[in-house]
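What follows is a set of notes on a single structure, which appears directly below.
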Amino acid sequence: MASRFNALKADAAWQKVWEENRTFAARNDSSLPRAYVLEMFPYPSGRIHMGHVRNYTMGDVLARYKRMTGHEVLHPMGWDAFGMPAENAAMEKGVAPGGWTRDNIATMKAQLKRLGFALDWTRELATCEPDYYGHEQALFLDLYAAGLVYRKESAVNWDPVDMTVLANEQVIDGRGWRSGALVEKRKLSQWFLKITQFADELLEGLKSLDHWPDKVKLMQENWIGKSSGLTFRFALTNGSDEIEVFSTRPDTIFGASFVAVAADHPIAQAHAADNVEALAFIERCKQGGTTAAEIETQEKLGYDTGLKAIHPLDASIELPVYIANFVLMDYGSGAVMGVPAHDQRDLDFARKYGLDVRRVVAEGDKTDPVFDGDEAYTGSGALVNSAFLDGMPVEEAKRAVIARAEAEGWGHGSTVYRLRDWGVSRQRYWGTPIPIVHCDACGPVPVPKSELPVELPHDVTFDVPGNPLDRHPTWKHVDCPSCGKPARRETDTLDTFVDSSWYFIRFASQPDDKPFDREAAEKWLPVGQYIGGVEHAILHLLYARFWTRALKHIGMLDIDEPFAGLFTQGMVTHETYKAADGRWLGPAEVENGVEIATGQPVEIGRVEKMSKSKKNTVDPEPIVDQYGADAVRWFMLSDSPPERDLPWSEAGIEGSWRFVQRLWRLFDGLEDAEGEDKALDRKLHQTIAGVAEDIEALSFNKAVAKLYELVAAIEKAAPSASRTNATRALMRLVSPMVPHVAEEAWAAAGHDGLVANAPWPAVDPALLVEDEVTIAIQVNGKLRDTLTLPKGTDRAATEAAALASDKVVRLLDGKAPKKVIVVPDRLVNLVA
RNA sequence: GCGGACGUGGCGAAAUCGGUAGACGCAGCGGACUUAAAAUCCGCUUGCCCCAGGCAGUGCGGGUUCGAGUCCCGCCGUCCGCACCA
């Protein structure tokens with residue numbers, strides 16, 4: 001008789017069965033078609049949050065569905081385990097970063113297991129373990145040997161109190177986010193990876209990624225920022241120097257009225273060497289803020305060096321050379337030609353300093369060389385006031401100038417990217433040690449691979465600021481691998497984005513003696529479906545794409561793109577609550593719009609991403625305790641489309657729990673019966689096909705809606721063989737989403753084996769089509785009636801049926817319609 | 001500023017190619033069962049009106065079409081990314 005589904009008991013029992021049977025361990029030697037389903041691995045911050053639950057539930061449904069449809073599925077999990085929070089914990093709580101991280105991993109792994117994810121835990125990895133990062137060091141050395149790694153002086157954000165380098169995101173209003181100290185620009189020797197060498201490949205490769213969101217591809221395209229134009233040189237009247245500039249508008253070269261160089265451009269530096277005013281100006285440029293708002297409001301400032309540049313196409317034209325605060329040293333060549341008439345920024349600058357503004361592109365019928373107004377003309381048109389270019393359209397003129405520059409040898413067509421090389425040095429302890437030894441005699445020397453991994457020391461202290469590796473008494477003192485003399489280890493560690501740039505390859509195979517087995521990696525890769533947050537749209541995904549291409553470049557792996565399919569899921573959100581005195585309150589502190597502790601009304605704020613600072617988080621674990629894993633999983637898949645935000649609600653999770661119980665009542669009441677129920681057969685097969693389609697499109701909310709409909713239809717149906725069959729099929733249909741109740745029901749119904757191993761129900765195509773259709777009858781485009789006709793009724797019969805409708809007869813009032821549109825099996829529109 | 005996405009009931013949403021707008025869920029209302037409650041089941045639930053019917057309705061204003069949530073033009077709003085990029 002109808003019992004309750006005891007989720008707590010069933011969850012644990014089935015999770016144990018899956019684990020003991022190694023149900024979800026992927027076989028590398030399988031002959032089945034492969035499916036690699038991967039969710040972005042978590043940072044072990046302490047506890048699983050709702051965002052993880054949503055992310056991993058989506059991947060899990062897909063992974064389980066793929067297994068049911070005959071695929072060998074690789075669905076692994078690991079830990080992105082290096083990073084700052086572990087060091088912060090060490091500083092604040094005096095715990096060891098390694099111990100803290102491993103404790104967190106243990107906690108979070110147990111939490112993930114309670115959700116019943118079909119993960120291959122035999123392939124679990126943590127990037128903070130030497131058996132992972134040692135191989136990473138080997139790969140780093142391979143890239144180094146191939147010339148893809150180099151070292152250069154680079155400006156960094158230096159926090160003088162914490163004695164550390166800060167990432168741009170860690171600098172808030174010019175101050176360190178933690179110390180509050182004014183951040184300095186400091187030049188440090190840093191390790192770089194030559195991602196720019198692959199800029200064009202990474203850009204072109206985007207075109208092959210048909211299963212990526214356009215949004216992400218566009219973001220990467222903009223990030224790479226390819227521009228083509230002309231790189232050319234201005235000679236100076238002093239005869240000694242030259243200035244190289246890059247322009248995307250070489251066509252406007254006759255409109256140039258000044259040349260501007262960056263504050264740290266060699267010309268500016270040389271000029272300032274014996275000029276106090278110039279030096280002061282350069283200092284002033286450096287003080288400018290770098291936040292978006294500051295840049296927007298910052299005045300365009302220039303300093304006239306008195307130098308004159310000679311126009312390459314007309315030696316009689318001399319252009320003043322300015323040092324300008326808006327010219328960036330690290331883009332192009334750090335110098336620009338200013339064409340005020342056709343560039344807004346140049347125009348603002350020219351007006352401010354009273355420079356010529358010469359029109360060289362006709363704007364409609366305006367061809368006057370004197371350009372009026374304060375809005376630069378950037379549109380198309382024919383060249384004017386430009387000697388041999390006159391009359392040419394913009395694009396043709398660009399080509400003509402480039403051709404002339406190349407013929408005369410003062411410039412060449414070139415492509416410039418916004419993308420910079422990837423600085424991977426971090427002056428931190430909790431990261432992968434860079435496997436290099438610095439020797440006074442030999443310079444930087446790679447650590448021999450036989451000596452890898454270079455392990456992090458455990459006896460480090462965090463009681464004083466700075467890099468613990470650097471101040472460790474012995475760790476950095478080693479002999480040079482090349483000459484044997486005393487030398488120093490590199491004490492920088494690698495950016496954690498390096499760790500996540502190849503973990504998906506390591507999942508495919510995990511040999512002890514090398515980073516990966518090439519054959520196994522090439523069998524599994526690329527990842528078929530990668531799922532994660534959109535916040536990784538640029539950095540992680542670009543770095544992983546670069547790393548994969550770099551491995552191909554050095555002949556280690558023949559894969560172009562690591563992720564064939566990408567899906568970026570929305571966040572889990574919740575209302576925010578604020579007490580009258582401005583304190584944020586957590587959902588547990590509020591009931592019926594009143595703060596429980598004080599009885600005071602609270603202000604209910606907007607629905608936002610769950611965040612600790614606004615206290616609107618809901619911890620998944622107690623929810624799993626209360627409702628069971630299936631209800632939580634079902635909630636994560638219901639209602640909101642997966643790419644959109646999902647508002648968490650207590651009512652919603654209760655609804656999901658009720659549905660799990662409703663399923664169980666249906667399964668528990670399974671009985672054998674006789675007779676056919678054609679309508680239910682149809683509904684079942686439409687659902688099988690529809691849910692499959694929805695899961696493959698990751699439209700889980702639609703699959704959920706279809707399953708609700710099927711459940712309602714089975715409940716309503718009278719006992720029949722069809723109903724029994726549909727109920728058994730339903731167990732399989734819901735099993736990717738709510739696997740525990742499905743296994744429980746599957747076993748109770750006397751099936752052999754696990755529902756996790758059962759095949760997806762087969763579809764009978766004959767049952768997908770209805771034999772009757774409802775036809776809409778419109779008069780003048782407005783719905784007036786509907787009628788049911790056999791599917792496939794021809795036009796004439798459909799029209800006749802429509803004209804016979806009582807309502808139509810009344811509305812037409814005896815008149816014949818002027819026009820009749822018949823769409824068979826859909827509608828009839830009578831135009832009166 | 002540049003680039004992009006989105007805008008549908010009280011709420012989350014659906015509507016595959018231009019063809020019955022609001023499937024499905026949540027919340028709400030009414031009823032059945034019950035001593036009662038919970039659970040469950042049944043029904044209603046876009047708005048308005050002269051309520052067996054009708055009118056309006058997918059951010060706003062136009063347009064194309066027999067027919068527009070869907071296509072086109074112009075606005076408004078929200079969100080996201082980039083940002084002195086030459």
Taking only side-chain nitrogens and oxygens of [X], does any of them come within less than 4.0 Å of OP1 or OP2 of [N]?
{"X": "A/Arg345", "N": "B/G1", "value": "no"}
{"X": "A/Lys782", "N": "B/A56", "value": "yes"}
{"X": "A/Tyr708", "N": "B/G25", "value": "no"}
{"X": "A/Arg418", "N": "B/A83", "value": "yes"}

Nearest whole angstrom, please: distance from the [atom2] of [N] to the [atom1] of [X].
{"X": "A/Ile821", "N": "B/G18", "atom1": "CD1", "atom2": "C1'", "answer": "13 Å"}
{"X": "A/Lys706", "N": "B/A15", "atom1": "NZ", "atom2": "C1'", "answer": "11 Å"}
{"X": "A/Leu789", "N": "B/U20", "atom1": "CG", "atom2": "C1'", "answer": "14 Å"}
{"X": "A/Glu221", "N": "B/G81", "atom1": "CD", "atom2": "P", "answer": "18 Å"}
{"X": "A/Arg784", "N": "B/G53", "atom1": "CZ", "atom2": "P", "answer": "12 Å"}
{"X": "A/Leu710", "N": "B/G25", "atom1": "CG", "atom2": "P", "answer": "13 Å"}
{"X": "A/Ile775", "N": "B/G19", "atom1": "CD1", "atom2": "P", "answer": "15 Å"}

- [ ] With RNA chain B as reference, determine whether A/Thr774 or A/Gly781 sits nearer its 5' end, using the nearest nucleotide of each.
- [x] A/Thr774

- [ ] Inspect the surroundings of CG in A/Asn222 and state if more than 12 heavy atoms from other residues, nucleotides or ligands are less than 6.0 Å away.
- [x] yes

Open item on the list: Please pick, from B/G19, B/A86, B/C41, the nucleotide with the shortest atom-to-atom distance to any side-chain atom of A/Arg665.
Closed with: B/C41

Task: Minimum-distance nucleotide (side-chain atoms of A/Lys716 versus B/C41, B/U20, B/C42) - done: B/C42

Open item on the list: Applying a 4.0 Å non-hydrogen cut-off, can you work out what A/Asn701 is touching in the nucleic acid: base, sugar-phosphate, or nothing?
Closed with: sugar-phosphate

TODO: Under 4.0 Å between any heavy atoms, over every strand shown, what does A/Arg826 touch: base, sugar-phosphate, or nothing? Just pick one.
DONE: sugar-phosphate

Task: Structure string for RNA chain B in dot-bracket form, Watson-Crick and G-U at under 3.5 Å, | interchain - done: (((((((..(((......[....))).(((((.......))))).((((...))))..(((((..]....))))))))))))....

TODO: Using distance alone, with no hydrogens and no angle criterion, decide if A/Ser805 and A/Asp785 have a side-chain donor and acceptor under 3.5 Å apart.
DONE: yes

Task: Contact pattern, 5' to 3', of nucleotides 2-12 of chain B - B, S or - by protein heavy atom under 4.0 Å - done: -SS-------B

Open item on the list: Going by side chain to side chain donor-acceptor pair (under 3.5 Å), name the residues that satisfy it together with A/Arg418, two or more places apart in sequence or in a different chain.
Closed with: none

